[in-house]
Undergrad: 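Got a structure for you, questions after.
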Amino acid sequence: MESKIKDKLRRLYRMAKHKLNSPQRDFDVDTLPWIDRPGADIDAFLARFDVPVDFPYDLKELLEQWQNQGYVILKGALPTDWTDALWDEVETTIDQHKQHSLKALVYQFNDRKETPIHAVPKEKLNGIGARLLEYHSSSVMAKQVMTHPHIATFLKAIFDEPISVFQSLIFKYGSQQDTHQDFPWVRSGIASHLAAAWIPLEDVHIDSGPLYYYPGSHRMPKYNFGTGILHKPDSFFSPDQFSVYLDKTCDKLRLEKKTLLLKKGDLLVWHGALAHGGNRIGNANLTRKSFVCHYSTVRSYPKHRLEVPGIDTSPVNYYNDIAIYVNPENSAEEDKIDVGNTLYQLS
């Protein structure tokens, strides 16, 4: 009992100290990718950056939008036969879930406890609130999609150093997540070295719980959880309070809330500090089949985050010069799902 009282008093003391002394924090300027640094010169960068001849977008325009808005949309970036093949794989994987050990999170089943899909009922894997984790570790096709040359070119441009894949999520229905930023949760060695891609695997309907985002919110003051700008087990402010802060601050800064309705083959790339979330699903019969990928730099993320402590490297494969580490918790199933590989080789 005495220890509980001391813990409570210690927590109250820390909260009071935070409110009195903790200024709003931000990323360490010295760690910022070049494009996020004050005075970043896009023209000077492009004068030395080798843009592939088949890159179908105006890279200067994209980089300027990234600087100012914190996201870009690449229309028609992916062949739809690739995205169709990927989703066909996913459905087959779910149908044959007893044969697989990749993990999933399912709302009101295992919630925050990652569980191998062979231990999750098929109807749960097919339902609202189900997410397949690290699907790309098992799937060759997922690796190809998430490192498509157009995605790789843009990531290399915004970071200007070697890129690594951090994690991925696959889900069938809209996430319905409250407003959040990714960097407090998706954490590698350098918090500012984070970008994400949302790849719709079907055309998005307004009633399917589409993604929303606040352009320019990547520049807003960062939330302090009481232990800094990253959420930790001992943080004394909750994710709900974080979400309220983001919505209120975006409103105060008059940042427009936009809803995104993309077509299959399009994709969104966003800054790790862009505030975004998922609208509520208006029609439970409508899906929003999605592949969400997070990326960092090799300097920030030099090995798989689940690697055994004391091991400095992870086995790695490269796709379009992007490092993808073998998942040490499921290495036996690395590239096990290769249905889409032949399609990729023929494209």
Undergrad: Strictly below 4.0 Å, N to O, side chains only: are K75 and D266 in salt-bridge contact?
TA: yes
Undergrad: Would you compute the distance between atom CG of L274 and atom NE2 of H180 and round it to the nearest 0.5 angstrom?
TA: 9.5 Å
Undergrad: Is it true that atom CD of E91 has more than 12 heavy atoms of other residues, nucleotides or ligands lying nearer than 6.0 Å?
TA: yes
Undergrad: Find the distance between CD1 (I199) and CG (L86) and round it off to the nearest 0.5 Å.
TA: 8.0 Å
Undergrad: Evaluate F55 against Y57 for ring pair (Phe, Tyr, Trp, His ring centres under 6.0 Å), listing each step before the verdict.
TA: CA-CA 6 Å; F55 188 68; Y57 309 99; 5.3 Å; yes
Undergrad: Please determine whether residues I163 and L59 belong to a single hydrophobic cluster, defined as Ile, Leu, Val, Met, Phe, Trp and Tyr linked transitively by side-chain heavy-atom distances below 4.5 Å.
TA: yes
Undergrad: Begin from the C-alpha positions of N317 and V326 and carry the test side chain to side chain contact (heavy atoms under 4.5 Å, CB included) through to its verdict.
TA: CA-CA 8 Å; N317 297 300; V326 173; 4.2 Å; yes
Undergrad: Would you say V90 and W87 make side-chain contact, with heavy atoms under 4.5 Å?
TA: yes
Undergrad: Rounded to the nearest 0.5 Å, what's the gap from CD1 on I117 to CG on L125? Could you check?
TA: 6.0 Å
Undergrad: For L255 versus G216, what's the shortest heavy-atom pair and its separation?
TA: CD1-C, 4.1 Å
Undergrad: Side chains of D182 and W270: does their closest heavy-atom pair fall under 4.5 Å?
TA: yes
Undergrad: Any sub-3.5 Å donor-acceptor pair from N320's side-chain atoms to T147's backbone N or O?
TA: yes
Undergrad: So among F154, Y214, W66, Y213, which one has a ring-ring contact (aromatic ring centres under 6.0 Å, His included) with Y71?
TA: Y213
Undergrad: I'd like to know whether L133 forms a side chain to side chain contact (heavy atoms under 4.5 Å, CB included) with L169, so could you lay out the CA-CA distance, the side-chain angles of the two residues, the decisive distance to 0.1 Å, and finally the verdict.
TA: CA-CA 5 Å; L133 310 177; L169 304 168; 3.2 Å; yes
Undergrad: I want to check something: taking the side chain as every heavy atom from C-beta on, are P52 and H150 in contact at a cut-off of under 4.5 Å?
TA: no
Undergrad: Distance check, rounded to the nearest 0.5 Å: H148 atom NE2 versus T153 atom OG1?
TA: 9.5 Å
Undergrad: Side chain of R288, backbone of G209: donor and acceptor closer than 3.5 Å?
TA: yes
Undergrad: Under a 4.5 Å cut-off applied to non-hydrogen side-chain atoms, are M146 and Y295 in contact?
TA: yes
Undergrad: Taking all non-hydrogen atoms of both residues into account, name the closest pair between R187 and F166 and its distance.
TA: O-CZ, 3.2 Å
Undergrad: Could you tell me whether F49 atom CZ has more than 12 heavy atoms of other residues or ligands within 6.0 Å of it?
TA: yes
Undergrad: Salt bridge or not for K156 and D50, using N-O below 4.0 Å?
TA: no
Undergrad: Looking at F237, F236, F242, which hits ring-ring contact (aromatic ring centres under 6.0 Å, His included) with F225?
TA: F242
Undergrad: Judged by atom type as modelled, is there a donor-acceptor pair below 3.5 Å linking the side chain of N110 to the main-chain atoms of V106?
TA: yes
Undergrad: For a quick test of reading the model, state the closest non-hydrogen atom pair linking I151 to L78 and the distance between them.
TA: CD1-CD2, 4.5 Å
Undergrad: Which pair of heavy atoms, one from A130 and one from K124, lies closest together, and at what distance?
TA: CB-O, 3.3 Å
Undergrad: For E333, give me all partners under side chain to side chain contact (heavy atoms under 4.5 Å, CB included), at least two apart in sequence or on another chain.
TA: H100, S101, S138, N330, K336
Undergrad: Shortest non-hydrogen contact from P184 to L230?
TA: CA-CD2, 3.9 Å
Undergrad: Any side-chain hydrogen bond (donor to acceptor under 3.5 Å, both in side chains) involving residues 248-259? Give me the pairs, sequence neighbours left out, ordered by first then second residue.
TA: T259-N279
Undergrad: Ring centroids only, cut at 6.0 angstrom: are F27 and F183 within range, meaning strictly under it?
TA: yes
Undergrad: Quick one: does H294's side chain get under 4.5 Å of L194's, heavy atoms only?
TA: yes
Undergrad: If only atom types and distance count, is the side chain of E134 paired as donor or acceptor with the main-chain N or O of K103 below 3.5 Å?
TA: no
Undergrad: Quick one: are L201 and F291 in side-chain contact, heavy atoms under 4.5 Å?
TA: yes
Undergrad: Return yes if some donor-acceptor pair links the side-chain N/O of K263 with the main-chain N/O of D203 below 3.5 Å, else return no.
TA: no
Undergrad: Tell me, with the steps shown, if Y325 and T313 meet side-chain hydrogen bond (donor to acceptor under 3.5 Å, both in side chains).
TA: CA-CA 9 Å; Y325 305 116; T313 60; over 6 Å; no
Undergrad: Please report the interatomic distance CD1(I229) to OG(S235), rounded to the nearest 0.5 Å.
TA: 11.5 Å
Undergrad: Looking only at atom types and distance, does a side-chain atom of N327 sit under 3.5 Å from a main-chain N or O of S331, one as donor and one as acceptor?
TA: no
Undergrad: According to a hydrophobic-cluster definition based on side-chain heavy atoms being under 4.5 Å apart (Ile, Leu, Val, Met, Phe, Trp, Tyr only), do L74 and L261 belong together?
TA: no
Undergrad: Taking R305 for its side chain and S188 for its backbone only, find out whether a donor-acceptor pair lies under 3.5 Å.
TA: no
Undergrad: Using atom types as modelled and distance alone, determine if a side-chain donor or acceptor of R37 lies under 3.5 Å from a backbone N or O of L32.
TA: yes
Undergrad: Examine M141 and I322 and state if one hydrophobic cluster contains both, with Ile, Leu, Val, Met, Phe, Trp and Tyr joined whenever side-chain heavy atoms are less than 4.5 Å apart.
TA: yes
Undergrad: Quick check against the 3.5 Å criterion: does T92 have a side-chain atom that pairs as donor or acceptor with the backbone of D88?
TA: yes
Undergrad: Hey, mind stepping through V269 and L62 against side chain to side chain contact (heavy atoms under 4.5 Å, CB included) and telling me if it holds?
TA: CA-CA 10 Å; V269 186; L62 293 179; over 6 Å; no
Undergrad: May I ask you to say whether D178 pairs ionically with R280, meaning some side-chain N is under 4.0 Å from a carboxylate O?
TA: yes
Undergrad: Once the angle between the rings of Y301 and H304 is folded into 0 to 90°, is it parallel (under 30°), tilted (30 to 60°) or perpendicular (over 60°)?
TA: tilted
Undergrad: Honestly curious: do V204 and I170 fall in one hydrophobic cluster under the side-chain, below-4.5 Å linking rule?
TA: no
Undergrad: For A40, what residues pass the side chain to side chain contact (heavy atoms under 4.5 Å, CB included) criterion, not counting sequence neighbours?
TA: W34, Q67
Undergrad: Return the orientation label for the H231 and W185 ring planes: parallel under 30°, perpendicular over 60°, tilted otherwise.
TA: tilted
Undergrad: Determine whether Y107 and I128 satisfy the following criterion, side chain to side chain contact (heavy atoms under 4.5 Å, CB included), listing intermediate values before the conclusion.
TA: CA-CA 8 Å; Y107 177 65; I128 294 175; over 6 Å; no
Undergrad: Spell out, as yes or no, whether a donor-acceptor pair under 3.5 Å connects the side chain of S192 to the backbone of T31.
TA: yes
Undergrad: S164 and T297: which non-hydrogen atoms are nearest, and at how many Å?
TA: OG-O, 3.3 Å
Undergrad: If you define the side chain from C-beta out and look only at heavy atoms, does anything of E334 sit under 4.5 Å from S137?
TA: yes
Undergrad: Is the distance between the ring centroids of W198 and H276 less than 6.0 Å?
TA: no
Undergrad: Could you tell me if D36 and H271 have a donor-acceptor pair between their side chains, going purely by distance under 3.5 Å?
TA: yes
Undergrad: Is there a path from L155 to W82 through hydrophobic residues (I, L, V, M, F, W, Y) whose side chains come within less than 4.5 Å of each other?
TA: yes
Undergrad: Does a side-chain heavy-atom distance below 4.5 Å link K60 with D43?
TA: yes
Undergrad: When rounded to the nearest 0.5 angstrom, what is the spacing between NE2 in H97 and NE2 in H118?
TA: 10.5 Å
